[in-house]
Undergrad: 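Mind looking over this structure? Questions follow.
We name chains A, B, ... by the order of the sequence lines, and we start the count at 1 in each one.
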Amino acid sequence: MIGRLHGNAVNADGQENKLERDEADDHQRQDAHQSRPWPPTNQHCLKPVWLGGWFVGVRHKSIKTQIARKLRVNKHSAIESAVSLRRIFRSMASSRRQYPFHLIEPKWQQTWEQQQAFRAFNPGEEIPKNHPFATRHKLSGKVAATQLPPKFYILDMFPYPSGAGLHVGHPEGYTATDILSRYRRACGFNVLHPMGWDSFGLPAEQYAVKTGQHPRVTTEANIANFTRQIKSLGFSYDWSRELATTDVEYFKWTQWIFLKLYNSWFNPVTQKAESITIFEDVFSENPKRKTEWEKNLTLQVFHAKWTQESPAGKIQYQRDRINELRLAYVTEAPVWWCEQLGTVLANEEVVDGKSEVGGFPVKKKPMRQWMLRITAYAERLLADLNTIDWTDSLKEMQRNWIGRSEGAFVHFDATEQRNPNTTLLLSVFTTRPDTLFGATYLVLSPEHPHVNGLTTDAQRAAVEAYKIEVSKKSDLERTELAKEKTGVFTGSYTTNPVTNQEIPIWIADYVLASYGTGAIMAVPAHDTRDFEFAKKFNLPIVQVVEPPAGKDWQGFTEDGIAVNSGFLNGLPTREAKNAMLKRLEETQDGSKTINYKLRDWLFSRQRYWGEPFPIVWKKDAAGNLYHEALPESALPLLPPSLEDYKPTADGQPPLARAKDWLNLPDGSIRETNTMPQWAGSCWYYLRYTDARNAQSFVGKDADNYWMASNGKAAGVDLYVGGTEHAVLHLLYARFWHKVLFDLGHVSTPEPFFKLVNQGLILGEDGQKMSKSRGNVVNPDDVLVEYGADAFRLYEMFMGPLQDTKPWNTKGVEGVYRFLGRVWRLFVDEKAETAFEQAETLATEAQSHRELLDLILLDGGITDMDATPAQLKALHACIKKVTEDLDGMRFNTAISAMMMFINEAMTWQTKPLSVMKTFLQLLAPFAPHIAEELWARLHSTFGQTAISLAYAPWPKFDAALLVESEIELPVQVNGKFRDTIKVAVDADNATIEAAAKASEKVQQFIAGKAIKKVIIVPKRMVNLIVG
RNA sequence: GCCGGUGUGGCGAAAUGGCAGACGCACAGGACUUAAAAUCCUGGGACUAUAAAAAGUCGUGUGGGUUCAAGUCCCACCACCGGCACCA
């Protein structure tokens, strides 16, 4: 240690790199640095950078360390201060480019755009003769679906175009999907790979509130910036299908789908969404479609009751019943209100008692809201998870969110305190009906509707006080303070239907109003929460389950054997449940049921920048307000223009400010809520398949072709995006899709067959990227320095797509060097020098293409037969890259290409065919450099090139990979000792003999008996000696 | 608390039950150069031993197990990440 420290000190002239290591030793080194002048001088700590014999600056790397040391902080905190210095040095000391990506990349991006190279063609669409897709598949003109090649739909989760622009996390998924799109295209698929914008959203609206600028202006500027950034990465999107959820032509159809939801109900008999037009028949004197609904008990009852109503009553009754069943309905319920955001939020948008966006406090507030009846689909959303190829963790998250649990309703009766003749029915939900004998009290949530009726005069004050106390608590407090149970006795009793004993009824906030029936039967012996509560309030605890030997029955919540339970005694839990259910159903004291955690989707927001609801409110003769849908012909319903985007003074949404818009000539009033941001993202993947269709949200042919089942796969073949949408977007979109499927508008029951979540990219410091940490990497900066191909390659080389991994600029340099080696493998060195000189002298006017034409191919590339070794290297690479692409293992595919290049660098001659094939492998990953070299190879040898994007994917020849001789590892007693070379088809006797003959092996087997010889063909040999 | 995932060099990582650490970064040495950058070549798991080499021992979060053979399969535990959380 001392020696090294000494060494650093004496070598200070050029060895400062050592100083960067071992920062932990800093305190030991302080002395050595005390004498150094500040700011650091060239002599002591900076490497001069020379360019063409001129001193142009110093290496900036050391600066960070020097500043850090001076400030006595770690290197990363010093980054901020070093940033401006770094910028200066970068411009002064920019290193020589590995290859002219700055000319190549724009050139090919323009070429692709001019060719519309990545246009995906719909069935029946005119395919231009000269389009590379037409050339490849020998198709042109209008082509029917059956003649088109098989489709492959690869989708990215479209971004919200924020003002901050792209960060390096976005292109991670985009690069992966682009590579696969290009690969599938090469394999002959008709690839649909679109991009668009989830452009409704809060930031643009908040900016509008502050400045008065229309959100559309902000949004469009942001979209332009995102478009520029995304295009600079060379992704093969079909831009002709670009869409934004804020486009009038798009949200017209979002509103249209809302009308479908509004005009549909979930028929429990068919388990499908159906049109509410059936109710016209149900609510008529002479039903004509009675066969369609007479088996539905509910509808029968509706019809019977309706018949008995007065004419005025009939209208009201009909309206009420239909509104109760619509998939889109209005409710007055406590919802999450966020003062700062000025809007309500869905349950899912509230995290830890704060708004997910902005982290503002939220509170419950009763308000009139639009809801979507997603709960009707709970069972199908759950069951169909088994039909799709998502990760287990993601499916599990959705399963948990849906929260199916099987159990029973158990009914209890209690007398209303103020009307002793009235009996109140109290139903509870339980998953453990087998423990009913141990139910020693009931607990209602404080919000339960029967609490008032059950409270005795003696307890009224206590109950009221408790309710007020609870209502003051936020949900956060209610759960955070969960350790200590609270509650109050109502004064009422009920009877346990199996023990016939009187049991008290309590209220407590550990019972949630929103789950089950909002009431529970408490079995303190076998439920942790009930147990805590019973102990605190001295309620009786009765054992009814016998745990396995050695476990305490108190608080035992698992399965066991029923005891103290009358007719259940001796039955294991599973059987006891069934026996109890049977009994409850016989005595009509309860019934089997299934309960879900999933709740209906709160679908309205009090905002300006969202889709207005195509709904108006009217008053009937009796003065009752009711809602009515606008006709489809009224769509799109545009939001009004406003001067001020704030909510009104009396708390109405901003849309209420537009009086002209709000009030219709016939006296009706428009709905002023708007839809949440999720609405637009629920169906955008469908619109992409037919983005310019003016007649329909998506045409039948387009839907059938792009979304239809391809054998097992259905819908989008691959969907890539972040994990943050696991239960919001992905559940909502599945729900909408199923409704559209039920109503016959789409052909598949699930939208996304395969779904992959890309992992998070962390900053260089291993922390999540954030402005405040100053560790955000801007793709624009990376592109300027290393180019798009290196950027893409690095994003994929970092590690498996799904993993979280830190950014490392040095790693970008690594793949950039690899691309440099690829370039030098193909390009003549002298010509490149000439090119560089020309480039330095080039005027603005000189075109990039002319400059690039100065580049000549390396003379070693000739149109000759490849040697067996060269073919082997190539085909090993084809095999690995192909298999890894199929398995989405991009990092190992890239390393296979690196190995190929490392070997090819040593070749004296480079066969044209081998070099061309390698470029095809490289093309999906680094398309610009591959296209440039591909075109150059072809023109040099006087060949006409098919666009590399459509060149058929190479196939590997397994025969070329076969070795005549192979190396086998030899183990003795399971330990590796040596390798032997044997003929690939050597028999076991030969292999055994060769193994024993090895000198190294001899040392370990000499003088010992060989008990057993294990030979795994082409794998290894293991000699067992005693 | 429950569910899911991950633990491998200085770092990112790779390994159909069969030579652990491919590929890359960083680092070290060398070639080229007046010099630097760039490029090219070589070497790097740890430890023991040695002038050097050969060689040996240990090594994939921890502890057990299965197997001729375990990073990989089984059991128990620990740590970290993500999700859910008084859901009856």
Undergrad: Scan T528(A), T435(A), V523(A), D530(A) and name whichever one has a side chain to side chain contact (heavy atoms under 4.5 Å, CB included) with T557(A).
TA: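 By the side chain to side chain contact (heavy atoms under 4.5 Å, CB included) criterion, T557(A) pairs with just one of T528(A), T435(A), V523(A), D530(A): T528(A).
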Undergrad: What does T528(A) touch in the nucleic acid at a heavy-atom separation under 4.0 angstrom: a base, only the sugar-phosphate, or nothing?
TA: nothing
Undergrad: Counting only side-chain heavy atoms from C-beta out, which of rA22(B), rA14(B), rA88(B) sits nearest to T431(A)?
TA: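 Of rA22(B), rA14(B), rA88(B), rA88(B) is nearest to the side chain of T431(A).
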Undergrad: Is a donor from one side chain sitting under 3.5 angstrom from an acceptor on the other, for Y515(A) and S405(A)?
TA: yes
Undergrad: Regarding I1014(A), tell me which of base, sugar-phosphate or nothing describes its non-hydrogen contacts under 4.0 Å with the strands shown.
TA: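 I1014(A): base contact, heavy atoms under 4.0 Å.
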Undergrad: Would you say the side-chain atoms of K805(A) pair up with the backbone N or O of L762(A), donor to acceptor, closer than 3.5 Å?
TA: no
Undergrad: Measuring to OP1 and OP2 of rA14(B), would you say a side-chain N or O of N891(A) lies under 4.0 angstrom away?
TA: yes
Undergrad: Between rC41(B) atom P and E903(A) atom CD, what is the distance in whole Å?
TA: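 Those two atoms, CD and P, are 13 Å apart.
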Undergrad: Got a list of protein N/O to nucleotides 1-8 of chain B N/O distances below 3.5 Å?
TA:
none

Undergrad: Would you say rC84(B) has OP1 or OP2 under 4.0 Å from some side-chain N or O of R399(A)?
TA: no
Undergrad: Checking side-chain polar atoms at under 3.5 Å, does D789(A) have a donor or acceptor matched by the opposite partner on Y816(A)?
TA: no
Undergrad: Out of rA13(B), rG18(B), rC86(B), which nucleotide sits closest to the side chain of P800(A)?
TA: rA13(B)
Undergrad: Contact class for F409(A) (heavy atom, under 4.0 Å): base, sugar-phosphate, or nothing?
TA: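 Nothing, no nucleic acid heavy atom in range.
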Undergrad: Check the side chains of T486(A) and Y466(A) for a donor-acceptor pair under 3.5 angstrom, ignoring hydrogens and angles.
TA: yes
Undergrad: Identify the heavy atoms of E447(A) and A513(A) that sit nearest to each other, and give their distance.
TA: OE1-CB, 3.7 Å
Undergrad: Hey, does the side chain of R817(A) come within less than 4.0 Å of rA37(B)'s phosphate (OP1/OP2), counting only N and O?
TA: no
Undergrad: What's the closest nucleotide to the K805(A) side chain, out of rA88(B), rA13(B), rC19(B)?
TA: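 Closest nucleotide to the K805(A) side chain: rA13(B).
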Undergrad: With under 30° as parallel and over 60° as perpendicular, where do the rings of F918(A) and F900(A) fit, or are they tilted in between?
TA: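 Parallel.
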Undergrad: Base, sugar-phosphate alone, or nothing: which one does K1018(A) contact when heavy atoms must sit under 4.0 Å apart?
TA: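 Nothing: the residue K1018(A), judged by heavy atoms under 4.0 Å, touches no strand.
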Undergrad: Contact class for M905(A) vs. all strands (heavy atom < 4.0 Å): base, sugar-phosphate, or nothing?
TA: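 The answer is sugar-phosphate, as M905(A) gets under 4.0 Å only of primed atoms, P, OP1 or OP2.
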Undergrad: Of all the nucleotides listed (rG18(B), rU57(B), rC40(B)), which has the minimum atom distance to the side chain of R977(A)?
TA: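 Of the options given, the side chain of R977(A) lies nearest rU57(B).
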Undergrad: Between rA88(B), rC68(B), rA38(B), which nucleotide gets closest to the side-chain atoms of K1012(A)?
TA: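 Of the options given, the side chain of K1012(A) lies nearest rC68(B).
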Undergrad: Between rG24(B), rC40(B), rG18(B), which nucleotide gets closest to the side-chain atoms of N902(A)?
TA: rG24(B)
Undergrad: Could you tell me if T431(A) and E406(A) have a donor-acceptor pair between their side chains, going purely by distance under 3.5 Å?
TA: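 Side-chain D/A pair, E406(A) to T431(A): absent.
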Undergrad: Contact class for G403(A) (heavy atom, under 4.0 Å): base, sugar-phosphate, or nothing?
TA: nothing
Undergrad: In whole angstroms, how far is the C1' atom of rC25(B) from the CZ atom of F818(A)?
TA: 15 Å
Undergrad: Please give, in whole Å, the distance from rC19(B) C1' to K1000(A) NZ?
TA: 12 Å
Undergrad: Regarding W390(A) and Q398(A), do their side chains bring together a donor and an acceptor under 3.5 Å, going by distance alone?
TA: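 Not at all, the side chains of W390(A) and Q398(A) share no donor-acceptor pair under 3.5 Å.
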Undergrad: Quick one: is the NZ or CZ of K485(A) closer than 6.0 Å to the six-membered ring centre of Y510(A), and within 45° of its axis?
TA: yes
Undergrad: Run R404(A) and E379(A) through salt bridge (Lys or Arg N to Asp or Glu O under 4.0 Å) and show every step you take.
TA: CA-CA 8 Å; R404(A) 182 184 201 269; E379(A) 192 59 47; 3.0 Å; yes
Undergrad: Look at the side chain of Q971(A) and decide which nucleotide, out of rG18(B), rA26(B), rA38(B), has an atom nearest to it.
TA: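 The listed nucleotide nearest to Q971(A)'s side chain is rG18(B).
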Undergrad: rC23(B) and rC77(B): how far apart are their P atoms, nearest whole angstrom?
TA: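 These two P atoms come out 40 Å apart once rounded.
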Undergrad: Going by atom types alone, do Q98(A) and R824(A) pair a side-chain donor with an acceptor below 3.5 Å?
TA: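 Note: Q98(A) and R824(A) side chains meet the donor-acceptor criterion.
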Undergrad: Show me the protein contacts with nucleotides 58-60 of chain B, counting only N or O atoms at under 3.5 Å.
TA:
{"from": "rC58(B)", "atom 1": "OP2", "to": "K975(A)", "atom 2": "NZ", "distance (Å)": "3.3"}

Undergrad: Let me check I have this right: for RNA chain B, each base becomes ., (, ), [, ] or |, based on Watson-Crick or G-U pairs with both distances under 3.5 Å. What is the full string?
TA: (((((((..(((.....[....))).(((((.......))))).((((......))))..(((((..]....))))))))))))....
Undergrad: If anything within 90° of 0 is syn and all else is anti, what is rG30(B)?
TA: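 Chi for rG30(B) falls in the anti range.
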